There are 2 protein chains.
Amino acid sequence: MSAGWFRRRFLPGGPLPEPRPAGPRSSPVPYHRPRFLRGSGSSPSASDASRRPDSRPVRSPARGRTLPWSAGYAEIINAEKSEFNEDQAACGKLCIRRCEFGIAEDQEWLTVCPEEFLTGHYWALFDGHGGPAAAILAANTLHSCLRRQLEAVVEGMVATQPPMHLSGRSVCSSDPHFVEEKGIRAEDLVIGALENAFQECDDVIGRELEASGQVGGCTALVAVSLQGKLYVANAGDSRAILVRRDEIRVLSSEFTPETERQRIQQLAFIYPELLAGEFTRLEFPRRLKGDDLGQKVLFRDHHMNGWSYKQVEKSDLKYPLIHGQGRQARLLGTLAVSRGLGDHQLRVLDTNIQLKPFLLSIPQVTVLDVDQLVLEEEDVVVMATDGLWDVLSNEQVARLVRSFLTDNREDPHRFSELAKMLIHNTQGKDDGGTEGQVSYDDVSVFVIPLHSQDQGSGGH
Amino acid sequence: MSAGWFRRRFLPGGPLPEPRPAGPRSSPVPYHRPRFLRGSGSSPSASDASRRPDSRPVRSPARGRTLPWSAGYAEIINAEKSEFNEDQAACGKLCIRRCEFGIAEDQEWLTVCPEEFLTGHYWALFDGHGGPAAAILAANTLHSCLRRQLEAVVEGMVATQPPMHLSGRSVCSSDPHFVEEKGIRAEDLVIGALENAFQECDDVIGRELEASGQVGGCTALVAVSLQGKLYVANAGDSRAILVRRDEIRVLSSEFTPETERQRIQQLAFIYPELLAGEFTRLEFPRRLKGDDLGQKVLFRDHHMNGWSYKQVEKSDLKYPLIHGQGRQARLLGTLAVSRGLGDHQLRVLDTNIQLKPFLLSIPQVTVLDVDQLVLEEEDVVVMATDGLWDVLSNEQVARLVRSFLTDNREDPHRFSELAKMLIHNTQGKDDGGTEGQVSYDDVSVFVIPLHSQDQGSGGH
């Protein structure tokens with residue numbers, strides 16, 4: 001991304017956009033469920049056009065199929081909100097090859113060694129909106145972007161400390177000292193690779209959607225195990241938590257118009273033309289009406305964490321940039337999340353006002369130092385889309401996890417069963433047979449047992 | 001602040017700046033020490049032009065003078081870094097009067113009741129740079145700005161919940177419901193008032209400095225007690241901590257080019273013209289040299305928390321927007337803080353590049369619910385400028401505080417003595433007689449005993 005990019009892309013007066021390729025459109029992204037669900041019974045097309053909540057099937061991998069670290073997975077489609085399940089999932093082994101640099105006159109070429117050099121694992125959830133296409137593209141693409149980004153820095157990752165120069169040809173003897181002083185560690189390269197991979201994937205999705213004439217966006221929640229650490233990268237409103245016997249640790253934060261209010265209001269302050277005179281960037285406790293004109297009402301602007309009062313002017317009666325509360329909060333009346341992938345063409349209904357300038361594709365990355373934990377067999381990371389967290393609190397999920405794993409010590413498929421049980425608990429049937437809350441959204445859950453990392457399918 | 005303000009003020013191509021007033025310049029801001037130091041012995045002009053560290057006098061209020069809540073205060077001037085002590089302090093009672101609204105055809109007027117309505121207390125430290133003028137103006141002005149801001153919302157502050165309409169004339173019966181849903185509490189009005197007061201004070205300082213032809217800026221750390229809560233507002237690198245028998249709680253964060261790297265880099269990404277082609281916004285482990293050209297080196301940009309590698313181009317050799325580490329970190333090679341008041345005219349040496357666009361005058365506000373604490377006599381808040389924290393850690397300060405207060409239970413001036421003792425500990429003489437670190441900076445300290453709030457000088 002170069003300076004000036006934002007203005008050229010989003011603001012009036014910049015150069016004209018590049019013409020679309022003149023050739024025929026590429027074919028639309030085909031709908032499918034995650035590959036690891038193959039052979040798990042009901043076919044997607046038959047089951048996905050679903051009916052009443054209690055008749056919707058919970059799907060999970062076939063019994064013979066093992067996911068990385070023996071992780072469990074389950075999903076359920078929403079109650080007729082959309083024709084397709086807009087959630088997507090992906091997981092697998094991440095094989096990072098080493099790049100070797102050769103030196104030639106005036107050029108630098110690199111050879112990728114054929115054999116893999118560093119192995120990790122990858123689990124990802126994507127919650128789509130405005131169609132399934134973006135989530136499918138993300139599930140097909142993000143791991144490749146990440147592998148490419150990691151391969152570009154793997155030489156630094158395996159060093160005790162990342163070298164100032166990737167090729168190792170230091171020009172300054174105190175380089176290690178500077179790297180040390182800035183506190184740059186190998187894990188910072190993985191964080192950087194995740195940040196760059198999300199951006200790269202967003203670009204790919206933008207090009208693919210444009211080429212196929214499709215639309216849509218998705219959130220992305222990714223867990224990556226590498227060199228004894230678990231990296232959780234999140235852009236959107238999915239959530240990952242660590243559940244242990246005596247601990248619940250939240251591994252991600254949600255990015256919504258409410259949690260990112262100041263960033264979004266500030267952008268509208270800097271570029272008022274993004275609102276095209278149709279919205280007000282100010283926040284009020286409710287949408288104002290004509291009767292409020294001239295009165296002093298509660299408000300806050302981009303620089304404020306607190307609230308103040310202002311005298312209502314006519315422009316304050318416009319529709320608010322961020323409107324509604326909690327799950328109902330919407331950006332420009334349109335979108336419930338403020339980070340994610342895709343949405344390159346999304347506009348406010350019946351206007352030319354773009355959503356994309358307000359959206360970030362950058363994830364927040366949390367690092368869990370698994371090697372530093374004294375692991376027990378019941379220690380798991382639960383990753384799920386917002387459909388789960390809308391009806392179950394972290395504490396409720398932890399309670400369900402602990403009691404299920406205690407009661408099912410011997411079942412070899414217990415993490416998959418646990419994922420299914422969690423989904424059942426979003427459908428109004430809790431384990432005690434009493435009434436629980438019902439999620440009408442798509443719900444997808446990974447349960448990753450940390451103890452398994454030392455066994456067959458894990459390690460590095 | 002209106003939209004477009006930033007561009008009009010800082011970017012080329014906007015309208016011309018308003019001409020300076022043609023009249024004679026107002027007289028320069030006179031140098032003085034805080035009023036509450038009067039009668040404390042040595043006169044400022046005689047003592048401030050100081051010599052070796054161990055000959056610098058520690059100053060504190062005269063024995064007969066009681067500060068709000070019997071708070072202690074002490075200060076020391078720097079070791080010949082500047083002619084004057086650039087730190088300033090202020091404290092006092094905050095008397096907030098109630099505004100009453102009258103209703104008239106097509107106009108709204110307000111009557112300020114003569115008697116005070118709500119009483120609070122105020123302690124503030126300002127650490128100046130580039131001359132003492134901004135800190136003196138801030139010490140003279142900020143409390144008035146705050147009182148004005150609080151008086152504008154006091155009606156809402158004393159309500160169980162702030163009303164949607166300040167004058168109480170709701171136009172919508174569900175207004176309380178919306179306020180409740182947004183979680184807006186009386187303390188949010190105080191936070192908003194502090195945020196607005198800092199901005200207002202910054203504007204006043206800008207006008208006064210321009211009128212008197214002076215320059216400079218300052219940090220601001222403010223503690224305000226109101227309705228059983230202590231609000232700590234900070235813009236800069238001073239710090240406040242709560243010290244109790246079993247607890248150290250940090251009540252402020254520092255704002256420096258390092259801690260605000262992403263905000264500062266992002267502004268340079270959005271407005272590259274602010275760097276006038278002289279600086280690079282990218283961060284590297286060290287300043288790059290010609291030998292680095294074409295190599296791949298560690299870097300990060302505004303969107304990254306992690307690090308990555310990039311191939312060095314010629315533009316990467318420019319001086320970095322943020323350079324140096326820790327105490328040496330500088331914004332545009334010039335300033336060690338990224339928030340504060342003043343600096344309206346500050347430019348990079350020998351260029352026309354302005355610092356002000358990168359500086360925020362908005363404080364971060366922390367709320368300590370004092371009424372919810374089971375207070376003991378030894379519970380204190382320690383506020384100090386960076387000169388203290390550069391040489392003493394939070395833990396060291398807490399240890400000194402606890403042992404001093406335990407050993408001096410009966411001394412009526414013990415909080416003032418404690419403030420002096422803390423300063424002595426920045427001068428290389430620790431209490432045990434062993435060598436400690438030496439601060440060559442100005443140092444100012446308030447010690448606020450929370451237990452005193454229920455006694456004579458406190459309450460509301």
Side-chain angles (χ1 to χ4, degrees), chain A residues 1 3-4 6-7 108 149 152-153 156 162-167 169 171-172 174-175 178-179 181-182 184 187-196 199 268-270 272 281 283-286 289 291-292 294-298 300-301 303-309 311 325-326 360 362 364-365, chain B residues 1 3-4 6-7 108 149 152-153 156 162-167 169 171-172 174-175 178-179 181-182 184 187-196 199 268-270 272 281 283-286 289 291-292 294-298 300-301 303-309 311 325-326 360 362 364-365:
Chain A
M1 239 189 326
F6 187 92
R7 254 168 293 180
E108 193 168 63
Q149 292 289 346
V153 300
M164 168 85 185
H165 293 86
L166 193 58
S167 52
R169 287 174 289 139
V171 297
C172 176
S174 54
D175 279 352
F178 284 105
V179 172
E181 252 196 349
K182 290 255 182 190
I184 306 170
E187 70 179 65
D188 293 310
L189 295 181
V190 182
I191 295 171
L194 277 159
E195 291 168 333
N196 291 336
Q199 283 216 295
F269 167 72
I270 293 176
R281 77 166 187 271
E283 183 185 11
F284 302 99
R286 60 164 166 77
K289 317 171 181 208
D291 290 351
D292 294 306
Q295 295 212 44
K296 286 204 165 148
V297 304
L298 283 166
R300 58 180 173 176
D301 200 353
H303 64 281
M304 298 167 74
N305 264 305
W307 288 77
S308 193
Y309 287 96
Q311 190 155 27
Q325 290 290 126
L360 280 189
I362 313 291
Q364 193 190 54
V365 183
Chain B
M1 241 192 321
F6 187 91
R7 254 169 295 180
E108 197 168 59
Q149 292 288 345
V153 300
M164 168 85 183
H165 294 86
L166 192 59
S167 51
R169 286 174 291 139
V171 299
C172 178
S174 54
D175 279 352
F178 283 105
V179 173
E181 251 194 350
K182 289 255 180 186
I184 307 169
E187 70 180 63
D188 293 310
L189 295 182
V190 181
I191 295 171
L194 278 159
E195 291 168 333
N196 291 334
Q199 285 217 296
F269 168 72
I270 292 177
R281 74 165 188 273
E283 183 185 10
F284 302 98
R286 61 162 167 76
K289 319 170 180 210
D291 290 351
D292 295 304
Q295 295 212 44
K296 286 203 167 150
V297 304
L298 283 166
R300 60 180 171 176
D301 201 353
H303 64 281
M304 299 168 72
N305 263 306
W307 287 78
S308 193
Y309 287 95
Q311 190 154 27
Q325 291 288 126
L360 280 189
I362 312 291
Q364 193 189 53
V365 183

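So that the names make sense, note that chain A is the first sequence line, chain B the second, and so on, each numbered from 1. Computed from a predicted structure; not experimentally measured.
Side-chain contact between A:Ile184 and B:Pro285 is present, with at least one heavy-atom pair separated by less than 4.5 Å. For the pair B:Phe284 and B:Val297, the minimum side-chain heavy-atom distance is below 4.5 Å. You'll find the side chain of A:Arg286 reaches within 4.5 Å of the side chain of A:Asp292, heavy atoms only.
Look at B:Glu283 and A:Lys182 and you find a salt bridge, because one of the NZ, NE, NH1 or NH2 atoms lies within 4.0 Å of a carboxylate O, short of that distance.
Considering every non-hydrogen atom in both A:Val153 and B:Tyr309, the closest pair reads CG1-CD1, 3.7 Å. Nearest approach of B:Pro162 to B:Leu189, heavy atoms of both residues: CB-CD1, 3.8 Å.
Across B:Leu360, B:Val190, B:Leu194, B:Asp188, the residue that shares the most heavy-atom pairs under 4.5 angstrom with chain A is B:Asp188. Most heavy-atom pairs under 4.5 Å with chain B: of the set A:Ala193, A:Cys172, A:Ser308, this distinction falls to A:Cys172. The greatest number of non-hydrogen atom pairs below 4.5 Å with chain A, out of B:Gln325, B:Met304, B:Glu187, B:Gln364, is found for B:Gln325. Between chain B and the residues A:Val365, A:Asn196, A:Asn305, A:Val179, the largest count of heavy-atom pairs under 4.5 Å involves A:Asn305. Heavy-atom pairs under 4.5 Å with chain A peak, among B:Gln149, B:Glu181, B:Met164, at B:Met164. When each of B:Gly156, B:Gly306, B:Gly326 is checked for heavy-atom pairs under 4.5 Å with chain A, B:Gly306 comes out on top.
B:Asp291 touches chain A through backbone and side chain together, each having a heavy atom under 4.5 Å away.
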